[in-house]
Colleague: 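Quick one: this structure, given as structure tokens, is what I'll be asking you about.
Predicted model only: the values in this text are computed from it and were never measured.
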Amino acid sequence: MRLSGLQKEVLGLYRHCLRESRKKPEATRPHFKAFARSEFAKSLSVDKRDFAAIEFLLRKGKRQLEVYSSPGTKDIR
């Protein structure tokens with residue numbers, strides 16, 4: 001099955017979130033992974049043809065990742 005460009009972007013963002021979680025203190029890594037998983041799970045019901053909603057969620061996710069990947073952020077709940 002071939003993935004569309006948006007699908008590749010979503011998967012790339014998810015992978016980036018997981019990679020960034022590895023840079024956090026070992027005790028808080030599970031919190032970051034669980035947060036990423038839950039945020040993506042919330043959006044599972046979005047229709048894959050609703051490009052505007054998907055693009056909005058991608059932008060929102062990238063902004064959140066930027067904030068949470070800063071070195072000053074040690075934990076998330």
Side-chain angles (χ1 to χ4, degrees):
M1 183 170 113
R2 299 185 79 194
L3 299 176
S4 71
L6 271 179
Q7 288 172 323
K8 288 178 184 177
E9 260 190 90
V10 170
L11 287 174
L13 178 61
Y14 186 69
R15 286 187 193 116
H16 196 175
C17 290
L18 295 180
R19 267 189 246 111
E20 286 296 323
S21 73
R22 288 188 226 134
K23 297 177 184 177
K24 299 300 177 184
E26 196 166 336
T28 61
R29 284 181 197 162
H31 300 157
F32 282 93
K33 288 180 182 179
F35 179 76
R37 191 173 293 124
S38 70
E39 287 297 304
F40 277 85
K42 287 179 192 175
S43 305
L44 281 175
S45 63
V46 174
D47 184 15
K48 66 182 179 181
R49 292 178 299 261
D50 191 354
F51 302 116
I54 295 169
E55 288 172 350
F56 168 77
L57 290 168
L58 275 169
R59 284 192 305 274
K60 179 183 171 194
K62 287 175 184 177
R63 282 192 308 268
Q64 281 183 320
L65 177 61
E66 194 175 305
V67 170
Y68 296 138
S69 65
S70 70
T73 307
K74 301 290 184 198
D75 196 4
I76 189 171
R77 292 192 188 226

Colleague: Would you indicate whether the side-chain heavy atoms of L58 and L6 approach each other to under 4.5 Å?
Modeller: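 They are in contact (side-chain heavy atoms under 4.5 Å apart), so the answer is yes.
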Colleague: Could you state whether F51 and L11 fall into the same hydrophobic cluster, counting links through intermediate Ile, Leu, Val, Met, Phe, Trp or Tyr residues with side-chain heavy atoms under 4.5 angstrom apart?
Modeller: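 They do not share one cluster, since no chain of ILVMFWY contacts under 4.5 Å joins F51 to L11.
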Colleague: Apply side-chain hydrogen bond (donor to acceptor under 3.5 Å, both in side chains) to S45 and list each qualifying residue two or more places apart in sequence or on a separate chain.
Modeller: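 Applying side-chain hydrogen bond (donor to acceptor under 3.5 Å, both in side chains) to S45 gives none.
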Colleague: Would a 4.5 Å heavy-atom cut-off, applied to side chains only, mark K62 and E9 as touching?
Modeller: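 Yes; the side chains approach each other to less than 4.5 Å.
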Colleague: Give every residue pair that meets the salt bridge (charged side-chain N to carboxylate O under 4.0 Å, His left out) criterion with at least one member in residues 34-56, sequence neighbours excluded.
Modeller: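 Qualifying pairs, neighbours excluded: E39-K42, D47-R49.
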Colleague: Taking the side chain from T28 and the backbone from H31, do they hold a donor-acceptor pair closer than 3.5 Å?
Modeller: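 Flag not set: sc T28 to bb H31 has no pair under 3.5 Å.
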Colleague: Can you name the closest pair of heavy atoms from C17 and F40 and give their distance?
Modeller: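 Closest approach of C17 to F40: SG-CE1, 4.2 Å.
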Colleague: Quick check: closest heavy atoms across P25 and K74, and the distance to 0.1 Å?
Modeller: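 The pair with the smallest heavy-atom distance is CD-O, 3.8 Å.
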Colleague: If I take atom CG from residue L65 and atom CD from residue E20, how far apart are they, to the nearest 0.5 angstrom?
Modeller: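 Output value for this atom pair is 5.5 Å.
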Colleague: Same hydrophobic cluster for F35 and L57, using side-chain heavy-atom links shorter than 4.5 Å among ILVMFWY?
Modeller: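 F35 and L57: separate clusters.
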Colleague: Under the side-chain contact (heavy atoms from CB on, under 4.5 Å) rule, what do I54 and Q7 come out as? Steps first, then yes or no, please.
Modeller: CA-CA 9 Å; I54 295 169; Q7 288 172 323; over 6 Å; no
Colleague: Find the distance between CD1 (I76) and CD (Q64) and round it off to the nearest 0.5 Å.
Modeller: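 The CD atom of Q64 is 7.5 Å from CD1 of I76, to the nearest 0.5 Å.
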